[in-house]
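Please read these numbers as outputs of a predicted model, since none were measured by experiment.
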Amino acid sequence: MVYVKKSPIAGDGLFAKRNLPDDTVVSFYNGIRLTHQQVDSRDWSLNDYTISLDSETVIDVPSSFSKLASYCASLGHKANHSFDAGCEYDLFDHPRFGMIKSIRTMRKIDCDEELTVEYGYDQHGLGRNDADAPPWYKSQLQNVAAAAGK
């Protein structure tokens, strides 16, 4: 359903192998479980492949496992960010991994289109200047807010 290749957005990206309908689970995001406190207490550079599962748990794909040659049991960590995303994160009760995040289409996706998600560091508060986010995200957030006239 999906494949990974170099992205025009950043690094590797997740792409559709075929046309995909709206509301379709296309990938999963799994890794090791950490607490929010563990993640929040470390440098942003260690959090490139983390996602909040719930109020207590964060899923982390450590940098040493970010390459497909090291880890490919799930590919959700390869989806890039966009404020105009075609997909969203959703909870999924996986038969092998238990409760994890999935990536679900929000509209029809064309074959070979890059699958993007809104990372949501700012909890969808466009224009918020104090988003707890890495510098690249804050820069994009400011650009989007400026374009929207906020």
Side-chain angles (χ1 to χ4, degrees), residues 1-126 128 130-141 144:
M1 194 172 304
V2 298
Y3 65 96
V4 175
K5 74 173 188 175
K6 183 151 181 60
S7 167
I9 298 173
D12 288 337
L14 199 59
F15 293 81
K17 280 186 180 179
R18 59 180 175 84
N19 292 334
L20 300 169
D22 178 30
D23 196 32
T24 302
V25 173
V26 295
S27 190
F28 298 106
Y29 198 123
N30 191 37
I32 63 171
R33 302 316 199 247
L34 299 174
T35 66
H36 283 277
Q37 183 179 8
Q38 288 172 303
V39 171
D40 292 345
S41 68
R42 61 189 196 177
D43 188 78
W44 267 110
S45 65
L46 298 174
N47 296 335
D48 285 344
Y49 298 101
T50 60
I51 187 170
S52 181
L53 179 63
D54 55 36
S55 62
E56 298 175 7
T57 308
V58 175
I59 297 174
D60 180 28
V61 177
S63 295
S64 60
F65 292 98
S66 65
K67 302 291 183 204
L68 291 182
S70 302
Y71 177 74
C72 61
S74 63
L75 297 175
H77 64 289
K78 293 297 184 181
N80 280 314
H81 165 79
S82 173
F83 285 112
D84 188 28
C87 300
E88 64 185 346
Y89 291 118
D90 201 3
L91 287 174
F92 192 94
D93 192 2
H94 193 277
R96 178 176 180 194
F97 303 130
M99 197 59 71
I100 60 172
K101 287 285 179 122
S102 65
I103 295 178
R104 179 183 303 276
T105 59
M106 296 189 300
R107 60 171 173 77
K108 292 179 181 177
I109 304 290
D110 292 330
C111 182
D112 297 318
E113 181 179 342
E114 184 164 5
L115 303 166
T116 57
V117 291
E118 183 178 338
Y119 285 2
Y121 289 116
D122 64 319
Q123 304 304 312
H124 304 282
L126 284 178
R128 194 174 138 195
D130 63 342
D132 185 18
W136 66 263
Y137 184 93
K138 289 181 181 183
S139 175
Q140 283 188 18
L141 182 60
V144 168

d(Ile59 CD1, Asp54 CG) to nearest 0.5 Å is 8.5 Å
If you round to the nearest 0.5 Å, how far is NZ of Lys17 from CG of Asp112? 11.0 Å
Any idea which heavy atoms bring Asp22 and Arg107 closest together, and the distance? OD1-N, 3.2 Å
Between Ala79 and Ile103, the two heavy atoms sitting closest are CB-CD1, 3.5 Å
Which distance, rounded to the nearest 0.5 Å, do you find between the CG of Leu14 and the CG of Leu75? 6.0 Å
Between His77 (side chain) and Asp60 (backbone), is there a donor-acceptor pair under 3.5 Å? no
Before giving the answer on side-chain hydrogen bond (donor to acceptor under 3.5 Å, both in side chains), spell out for Tyr29 and Asp90 the whole-Å C-alpha distance, their side-chain angles and the decisive distance to 0.1 Å. CA-CA 10 Å; Tyr29 198 123; Asp90 201 3; over 6 Å; no
Indicate yes or no: at least one non-hydrogen side-chain atom of Asp23 is less than 4.5 angstrom from one of Arg104. yes
Residue pair Leu91 / Ser102: nearest heavy atoms and the distance that separates them: O-OG, 4.2 Å
Distance in Å, Thr116 OG1 paired with Met106 CE, rounded so as to fall on 0.5 Å steps: 7.5 Å
What closest approach, in Å, do Glu118 and His81 show between heavy atoms, and which atom pair accounts for it? CA-ND1, 3.7 Å
Please check if the distance between the ring centroids of Phe28 and Phe92 is under 6.0 Å. yes
Less than 4.5 Å apart, any side-chain heavy atom of Arg33 and any of Ile100? yes
Mind checking the CE-OG spacing from Met1 to Ser27? Nearest 0.5 Å is all I need. 9.5 Å
Can you see which heavy atom on Ser7 is nearest to which on Asp12, and at what distance? CB-C, 3.9 Å
When every non-hydrogen atom of Pro8 is compared with those of Glu114, the smallest separation belongs to CD-OE1, 3.6 Å
With side chains defined as the heavy atoms from C-beta onward, is the minimum distance between Phe15 and Val4 less than 4.5 Å? no
Gap between atom CE of Met99 and atom OG1 of Thr57 - 0.5 Å precision: 11.0 Å
Among all residues two or more places apart in sequence or in another chain, which pass the side-chain contact (heavy atoms from CB on, under 4.5 Å) test with Thr105? Leu20, Thr24, Val26, Cys87, Ile109
Is the closest side-chain heavy-atom distance between Asn80 and Tyr119 below 4.5 Å? yes
Within-4.5 Å side-chain heavy-atom neighbours: Lys101 and Val117: no
